[in-house]
Amino acid sequence: MLIAGNWKMFKGPADAGAFCRALREADLGSVDVVVCPPYVSLAEAVQALAGTEIGVAAQNVHWAAEGAFTGEISAPMLRELGVYGTIVGHSERRQYFGETDETVVCRVNAALEHGLHVVACVGETEAEREAGQTEAVLRRQVGAIAEGVSETDELVIAYEPVWAIGTGKTATPQMAQEAHAVVKSILDVPVLYGGSVKPENAAELASQPDVDGALVGGASLDVDSFATICREASHS
Ligand code: PEP
């Protein structure tokens, strides 16, 4: 069971350091835990969590090792900082920054080749769900990754229905289970659920047979709330 906290564009280095020092002391149950700070706070988080089992991951990575790609960060640069992994293809990247299934595959491959663990995000929009296209969307998004990536040992998929991200609307445990089963029928890797996970719903979501953990946004920004989610998921 893996619980990953996606901080999005919150917490600069000072806040990140304070959060991570508090997280070291928190009771996180028996799950694997990863935090994903913004790039500028990664070094601070790595330092503050040194000697613990809590991993630090980035929120994105470029496919080239270096080059004329203004504003991008490469996998070797993340490795040099001591970063353990990265999120790729988050719906906010797809929605606001033009990420496509193709660029997601390029980023996943580069990250894996350079020894980073990867959480690759997939999920349908509200309109797609209402139009009955959830399975087709998952087949397209996960299929692109399954076809384009050769080794999957360090790969995890996060099923994050776009309509549930940051909205307070959560997929029911049954909806999550169904979607996760579709993902696993295409690619046999662990699947995290993401979308308004909070202390109150973490245990029930985590108890579904094909739910292998959670990618938590808003509720990961507070140490108590994040630690409670970790403990709740530990019981499953
Ligand atoms: C996310 O950012 O991946 C996410 C799931 O956000 P939230 O938990 O806030 O819905």
Side-chain angles (χ1 to χ4, degrees), residues 1-11 15-16 19 23 28 31-39 41-42 45 55-61 84-97 99 104 107-108 111 117-126 128-129 134 137-138 141-142 145 155-173 175-177 179-180 183 189-206 208 210-233:
M1 185 71 53
L2 169 66
I3 306 297
N6 172 20
W7 295 2
K8 313 194 187 204
M9 199 170 70
F10 293 97
K11 297 192 193 297
D15 279 357
F19 181 100
L23 197 61
L28 301 175
V31 293
D32 295 323
V33 179
V34 172
V35 292
C36 309
Y39 286 131
S41 303
L42 287 169
V56 177
Q59 296 174 17
N60 198 10
V61 68
Y84 150 98
T86 185
I87 298 171
V88 172
H90 191 279
S91 68
E92 286 151 15
R93 301 295 318 171
R94 294 178 188 256
Q95 210 176 340
Y96 305 133
F97 302 100
E99 294 279 348
V104 167
R107 291 178 198 269
V108 170
H117 291 68
V118 174
V119 177
C121 304
V122 299
E124 80 287 359
T125 62
E126 189 152 37
E128 287 164 341
R129 176 162 283 269
T134 300
V137 170
L138 292 177
Q141 293 176 334
V142 181
I145 296 169
L155 175 65
V156 169
I157 297 286
Y159 167 61
E160 298 208 303
V162 179
W163 49 269
I165 297 181
T167 59
K169 292 187 203 167
T170 313
T172 63
M175 280 173 170
Q177 168 56 32
H180 285 218
V183 171
V189 297
V191 183
L192 313 183
Y193 169 77
S196 299
V197 174
K198 30 189 190 260
E200 299 77 37
N201 59 23
E204 203 184 354
L205 285 161
Q208 299 303 304
D210 288 321
V211 173
D212 303 305
L215 181 55
V216 187
S220 75
L221 294 171
D222 174 81
V223 174
D224 288 342
S225 140
F226 188 54
T228 307
I229 289 171
C230 293
R231 289 195 304 276
E232 289 291 318

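Whatever order the structure lists ligands and atoms in, that order sets their numbers, starting from 1.
Between the side chain of Glu99 and the main chain of His90, no donor-acceptor pair closer than 3.5 Å is present.
Glu204 CD: 12 or fewer foreign heavy atoms inside a 6.0 Å radius. Counting non-hydrogen atoms of neighbouring residues, nucleotides and ligands closer than 6.0 angstrom, the CZ atom of Phe10 reaches no more than 12 such neighbours.
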Go through it in stages, so that I can follow the logic: the residues are Arg94 and Gln141, the test is side-chain contact (heavy atoms from CB on, under 4.5 Å), and I'd like the CA-CA distance, side-chain angles, deciding distance and then a yes or no.
CA-CA 11 Å; Arg94 294 178 188 256; Gln141 293 176 334; 3.8 Å; yes
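Below 30°, between 30° and 60°, or above 60°: for Tyr159 and His180 the angle between ring planes is above 60°, a perpendicular geometry.
For Val216 against Ser220, the heavy-atom pair with the smallest separation is O-OG, 3.2 Å.
For ligand 1, the 4.0 Å heavy-atom shell contains residues Asn6, Lys8, His90, Glu160, Ala164, Ile165, Gly166, Gly194, Gly195, Ser196, Leu215, Val216, Gly217, Gly218.
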